[in-house]
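One structure below.
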Amino acid sequence: MSIIADVVDGKVDISESSQSKERKVGSQLGKEDFLLLLVTQMKYQDPLEPTDNTQFVTQLAQFSELEYMQNMMDVTQHTSAFTLVGKYVYAESTSSSGHNQKEEGMVEFVTMKDGDAYVTVNGVEFKYDEIVEVRDEFYVISQKLPSVKEQQILFLHHDPQNVVIEGVSLGEDEYQASSMGIGIINEKGETVTVDPKNVVYSDGKLTIDKKVFEKFDAGTYNIAFVFDDPNKTVDYENVTLVIKGVKPDLPPETDTDGTEGGDGNTEDTEKPGDTEGTEKPGDTEGTENPGGSEGTEKPDGTEGSGGTEGTGTVTA
């Protein structure tokens, strides 16, 4: 601890008035203290060896520089304080009684008191130098939006298990979602929506029933999440699904009339060319071909070509 006091009769005055000038340990030397030291030096210099004028000029220049720097620091501090209005900050202070006050939120306004800047956060006032952290607004919002932890999941057709996705957050505060939709995207970008009845969500864990994946071929897929939060957040990159093995044979689909492949069950029909042989002028007696149309004899004596059979496909 240092003491600045007058010298009386060659002794340092340590009266109560002089003790009130004690400086706190760790406090900074201000421009007033620098000027006081300079005046005291001039007052108590040795008359036989006075301080050189050049030294005084140098010390005065240093004093002027110190004063200018401190003034600039005050201006910079005040300007920085005013630019914090609307910014998201974290502030912390400790009162003389030891009470610790912490607040996190937007700076509502800035006030000046005795040359010092004060910011107000959530209705609580803090000194400018009590601001611990300044955060970007978009960063803060991104931390509160719904999100999904990055991960890769393996599904085996020969040993099917329910797919469990960890780290699914519905968001916080006013950015929280109340529900979400799930889709499965293949390598071509085609999406299959998962029926909500096959999905269960609880405490950050999402479970999809294994039967959902029975119809998917082996390959790599992405699981998409569509949240109903105010920002309509969509996540389709963080969860990768790898399916291996051969998918099981599923029951064949049937038509509405109960027959398989009904479109191919048509009866044979006679075409315009499927006519019985007719006798043409010139003594052309038609001969009946096995296929349905009888050949005809041309006037030059050659047989006519046979007609075409009726086409029909029957699906077994």
Is [Y] reachable from [X] through a run of I, L, V, M, F, W or Y residues, each pair having side-chain heavy atoms under 4.5 Å apart?
{"X": "Val107", "Y": "Val134", "value": "yes"}
{"X": "Ile165", "Y": "Val194", "value": "yes"}
{"X": "Val199", "Y": "Met180", "value": "yes"}
{"X": "Leu84", "Y": "Val124", "value": "yes"}
{"X": "Leu154", "Y": "Val239", "value": "no"}

If I take atom [atom1] from residue [X] and atom [atom2] from residue [Y], how far apart are they, to the nearest 0.5 angstrom?
{"X": "Ile208", "Y": "Ile223", "atom1": "CD1", "atom2": "CD1", "answer": "4.5 Å"}
{"X": "Lys87", "Y": "Asp136", "atom1": "NZ", "atom2": "CG", "answer": "7.0 Å"}
{"X": "Asp235", "Y": "Phe227", "atom1": "CG", "atom2": "CZ", "answer": "6.5 Å"}
{"X": "Ser93", "Y": "Ile131", "atom1": "OG", "atom2": "CD1", "answer": "11.5 Å"}
{"X": "Glu125", "Y": "Glu103", "atom1": "CD", "atom2": "CD", "answer": "12.5 Å"}

Do the side chains of [Y] and [X] get nearer than 4.5 Å, heavy atoms only?
{"X": "Glu92", "Y": "Phe126", "answer": "no"}
{"X": "Tyr236", "Y": "Val234", "answer": "yes"}
{"X": "Leu241", "Y": "Phe213", "answer": "yes"}

### Message
Between Thr207 and Asn162, do the side chains contain a donor N or O and an acceptor N or O under 3.5 Å apart?
### Response
no
### Task
Indicate whether any N or O donor in one side chain lies under 3.5 Å from an N or O acceptor in the other, for Asp228 and Ser178.
yes
### Message
Would you say OH of Tyr201 has more than 12 non-hydrogen atoms from neighbouring residues, nucleotides or ligands within 6.0 angstrom?
### Response
yes
#### Entry: Glu108 side-chain N/O to Gly123 backbone N/O, donor-acceptor pair under 3.5 Å
yes
### Message
Please check this pair: side chain of Gln151 against backbone of Lys149, looking for a donor-acceptor N/O pair closer than 3.5 Å.
### Response
yes
### Message
For a side-chain hydrogen bond (donor to acceptor under 3.5 Å, both in side chains) check, start with the C-alpha distance between Glu237 and Asn222, then their side-chain angles and the critical distance, and finish with the verdict.
### Response
CA-CA 7 Å; Glu237 297 179 340; Asn222 288 94; over 6 Å; no
### Message
Tell me the closest heavy-atom pair linking Val110 and Ala117, and the distance in Å.
### Response
CG1-CB, 4.5 Å
